[in-house]
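Just so it is clear, the structure is predicted and the values come from calculations on it, not from any experiment.
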Amino acid sequence: MIGRPAPTEAAAYYFTYIDQVQGDDIAAVVERQLDESMRLFLEISEESSRHRYAPDKWSIRQVLNHITDTERAFAFRALWFARGFEAALPGYDQNIAAAGASADSVAWPAHVEEFRQVRLSTISLFRNMPPEAWARKGIASDNPFTVHAMAYIIAGHVAHHVSILRERYL
């Protein structure tokens with residue numbers, strides 16, 4: 001789908017992510033972002049992936065695990081809405097997900113490969129999305145979303161965290 005989400009396609013909070021996306025062809029953005037993200041992740045060493053910029057902050061490993069887990073959750077939301085399910089979806093608590101992941105015990109290359117595989121799945125989902133499905137709506141975390149907005153949120157969430165990695169960690 002071409003064009004940016006309208007304010008009615010997601011709760012105002014999610015425009016924090018949507019507004020980080022450059023361009024109006026979201027499928028192309030999601031594809032391009034894979035290469036850009038992988039270049040950054042592959043520059044990070046096993047040792048430096050344990051770095052935290054403050055004692056109470058996530059390690060780089062935890063950040064990438066969070067990016068990957070959140071992409072899975074948001075892509076599932078997009079799939080759910082796109083296929084026409086009407087039941088509302090529950091919220092997603094990033095802190096619960098992070099606590100259950102034990103991300104620091106997973107090798108850095110495994111995190112990088114997991115992100116790559118999840119992003120390839122997301123790309124396939126959006127590449128094969130029927131045109132009419134992009135406008136379908138649903139409720140998650142007590143907020144309305146369109147599939148179109150979910151795609152922008154996925155890309156914007158990655159852009160947000162890549163920016164944080166560059167500014168505070170690397």
Side-chain angles (χ1 to χ4, degrees), residues 1 14 16-23 25-83 89-130 133-134 140-141 145 147-170:
M1 176 175 230
Y14 291 94
T16 301
Y17 300 126
I18 293 168
D19 291 344
Q20 294 210 23
V21 177
Q22 301 296 315
D25 181 351
I26 192 57
V29 169
V30 169
E31 288 184 40
R32 187 173 55 250
Q33 215 177 36
L34 175 59
D35 291 333
E36 294 167 359
S37 299
M38 289 299 293
R39 277 194 299 277
L40 172 66
F41 300 152
L42 290 171
E43 290 176 4
I44 297 170
S45 70
E46 181 77 14
E47 183 178 330
S48 63
S49 71
R50 293 182 176 95
H51 173 69
R52 299 167 192 269
Y53 70 89
D56 62 333
K57 296 300 181 180
W58 287 345
S59 68
I60 293 174
R61 289 180 190 202
Q62 289 172 308
V63 171
L64 184 51
N65 184 81
H66 164 72
I67 291 168
T68 303
D69 279 357
T70 302
E71 180 148 335
R72 279 187 175 110
F74 289 171
F76 176 76
R77 288 176 176 182
L79 172 72
W80 186 261
F81 305 152
R83 298 302 191 252
L89 294 172
Y92 176 79
D93 187 321
Q94 68 182 15
N95 294 315
I96 292 172
S102 298
D104 282 334
S105 67
V106 176
W108 179 245
H111 279 293
V112 173
E113 178 59 14
E114 185 175 6
F115 169 78
R116 189 180 76 77
Q117 292 290 334
V118 168
R119 178 48 65 102
L120 287 171
S121 176
T122 301
I123 289 167
S124 290
L125 174 66
F126 293 144
R127 246 192 223 147
N128 298 310
M129 187 72 62
W134 288 96
S141 301
F145 295 94
V147 173
H148 180 224
M150 290 306 312
Y152 270 85
I153 292 166
I154 287 169
H157 184 257
V158 170
H160 168 76
H161 284 290
V162 163
S163 177
I164 289 172
L165 284 171
R166 289 184 193 281
E167 293 170 10
R168 298 182 189 166
Y169 287 87
L170 303 173

Item to check | I18 CD1 to H148 NE2 distance, which is reported to the nearest 0.5 Å | outcome: 8.5 Å
Checklist entry - Would you find a donor on one side and an acceptor on the other, under 3.5 Å apart, between the side chain of S121 and the backbone of Q117? => result no
Item to check | Closest non-hydrogen atom pair, A75 against L125 | outcome: O-CD2, 3.6 Å
Checklist entry - Looking only at heavy atoms, which two atoms of D25 and Y152 are closest? And how far apart? => result N-OH, 4.1 Å
Item to check | Whether R61 side chain and V106 backbone form a donor-acceptor pair below 3.5 Å | outcome: yes
Checklist entry - Counting only heavy atoms not in E47, do more than 12 fall under 6.0 Å of its CD? => result no
Next on the checklist: Just verifying a value: how many Å separate F74 CZ and T122 OG1, rounded to the nearest 0.5 Å?
Outcome noted: 11.5 Å
Checklist outcome for this item: The reported gap from OH in Y92 to OG1 in T70 (rounded to nearest 0.5 angstrom) is 4.0 Å
Checklist entry - Is it true that a side-chain atom of T68 and a backbone atom of L64 form a donor plus acceptor pair closer than 3.5 Å? => result yes
Item to check | Shortest non-hydrogen contact between Y53 and K57, atoms and distance | outcome: OH-CE, 3.4 Å
Checklist entry - Which atom names give the shortest non-hydrogen contact between A107 and E46, and what distance separates them? => result CA-OE2, 3.7 Å
Item to check | R77 CZ to S141 OG distance, which is reported to the nearest 0.5 Å | outcome: 4.0 Å
Checklist entry - Passes side chain to side chain contact (heavy atoms under 4.5 Å, CB included), I164 versus V63? Steps please. => result CA-CA 9 Å; I164 289 172; V63 171; over 6 Å; no
Checklist outcome for this item: For A103 and N65 the tightest heavy-atom approach is CB-CB, 3.6 Å
Checklist entry - According to the side-chain hydrogen bond (donor to acceptor under 3.5 Å, both in side chains) rule, which pairs have a member within residues 96-112, sequence neighbours left out? => result R52-D104, S59-D104
Checklist entry - Out of curiosity, M150 CE to W80 CH2, how far, rounded to the nearest 0.5 Å? => result 14.0 Å
Item to check | Main-chain N/O of Q33 paired with S37 side-chain donor or acceptor, under 3.5 Å | outcome: yes
Item to check | Over all atoms of both residues, closest heavy-atom pair of I67 and H157 | outcome: CA-CE1, 4.0 Å
Checklist entry - CD1 of I44 to OH of Y169: how many Å apart, nearest 0.5 Å? => result 10.5 Å
Item to check | Option among E36, E71, E113 that satisfies the salt bridge (charged side-chain N to carboxylate O under 4.0 Å, His left out) test with R119 | outcome: E71
Next on the checklist: Between E114 and R72, does the side chain to side chain contact (heavy atoms under 4.5 Å, CB included) criterion hold? Intermediate values first, please.
Outcome noted: CA-CA 11 Å; E114 185 175 6; R72 279 187 175 110; 2.9 Å; yes
Checklist entry - So do M38 and V112 actually touch side chain to side chain, heavy atoms under 4.5 Å? => result yes
